[in-house]
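In what follows, a structure is listed as structure tokens, so that the remarks can point back to it.
Order of listing sets the numbers, starting from 1, for every ligand and every atom in it.
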Amino acid sequence: MAAKKTIPELKHLDHVLVSEVAIKKRIKALAEKINRAYRGQDLTVIAIVNGALIFAADLLRQLRTPLRLDCLRATSYHSGTQAGGKPVIVDNLKLDITGQKVLLVDDILDTGNTLFAVRELLLAKGAASVRTCVLLDKKARRSVPFEAEYVGFVIPDEFVVGYGLDFNERYRNLPCIGVLKPKYYAPKT
Ligand code: IMP
Ligand code: MG
């Protein structure tokens, strides 16, 4: 991989789970599906940042339906790899979503707590419909009933980084999805 020379943190990966090429190909297929479903309809895309930033940027450039974009901030990981209970959602949406078809975009569907809570919030604000598109789905980890309509890759129960996903706010810029070498999870002393 050419990027290996330019991004030193790629060496922190134990292995690559989803390559840059595979991500690109899958996003194209997801966008085609979404384009078919919403053809000619007005869409409001809500990306959950920071995690969804890179995925949303690549996906949106392939959507052909008229759309508006807004972002929400949600966090459930206080630090490291452990979820810290109920997600905190910062509701600073600028767009009025009353009566709108909403497509929620996030990096990964894990326990489902975040997307479950965000969907409730958007429906309470009057969204006509809410569908979800995630790049990754860790199906085995679900603790609330939630399924996304559009899923890039179903992955095993491993903590992953790259392509928007972080470990303590690092690694979001890696062009692929990978699993860190154990030594990089070790707490700093
Ligand atoms: P959920 O509420 O448990 O579904 O968690 C969703 C959020 O947790 C995602 O948007 C990510 O920010 C974060 N998350 C879950 N699994 C991972 C992972 O393997 N790597 C990095 N972040 C993760
Ligand atoms: Mg996130």
Query raised in the report: Any nitrogen or oxygen of Val161, main chain or side chain, under 3.5 Å from a nitrogen or oxygen of ligand 1?
Result: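 Among all N and O atoms of Val161, none is under 3.5 Å from an N or O of ligand 1.
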
Query raised in the report: Can you find an N or O of Gly112 that's nearer than 3.5 Å to an N or O of ligand 1?
Result: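 Yes, Gly112 has an N/O under 3.5 Å of an N/O on ligand 1.
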
Contacting atoms of ligand 1, where contact means under 4.0 angstrom from a heavy atom of [X]:
| X | result |
| --- | --- |
| Asp107 | 9 (C), 10 (O), 11 (C), 12 (O) |
| Asp106 | 10 (O) |
| Asp166 | 21 (C) |
| Glu158 | 19 (O) |

For the pair [X] (side chain) and [Y] (backbone), establish whether a donor and an acceptor sit closer than 3.5 Å, ignoring hydrogens and angles.
| X | Y | value |
| --- | --- | --- |
| Arg142 | Asp110 | yes |
| Arg141 | Glu158 | no |
| Lys181 | Lys11 | yes |

Query raised in the report: What closest approach, in Å, do Ala74 and Ile89 show between heavy atoms, and which atom pair accounts for it?
Result: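 Taking Ala74 first and Ile89 second, the nearest heavy atoms are CB-CG1, 4.2 Å.
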
Query raised in the report: Of all heavy-atom pairs between Tyr163 and Asp58, which one has the smallest distance, and what is that distance?
Result: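 In terms of heavy atoms, the two residues are closest at OH-OD2, 2.6 Å.
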
Requested in this report: Indicate, as side chain, backbone, both or neither, the part of Leu165 found under 4.0 angstrom from ligand 1 when only non-hydrogen atoms are considered.
Outcome: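 It is the side chain that gets close, since no backbone atom is under 4.0 Å.
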
Requested in this report: State the CZ-CD1 distance between Arg119 and Ile46, to the nearest 0.5 angstrom.
Outcome: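 Between Arg119 CZ and Ile46 CD1, I get 13.5 Å after rounding to 0.5 Å.
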
Query - Nearest option to atom 2 (O) of ligand 1, as decided by whichever heavy atom of Thr75, Ile48, Thr114 sits closest - result: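 Selected option, by shortest heavy-atom distance: Thr114.
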
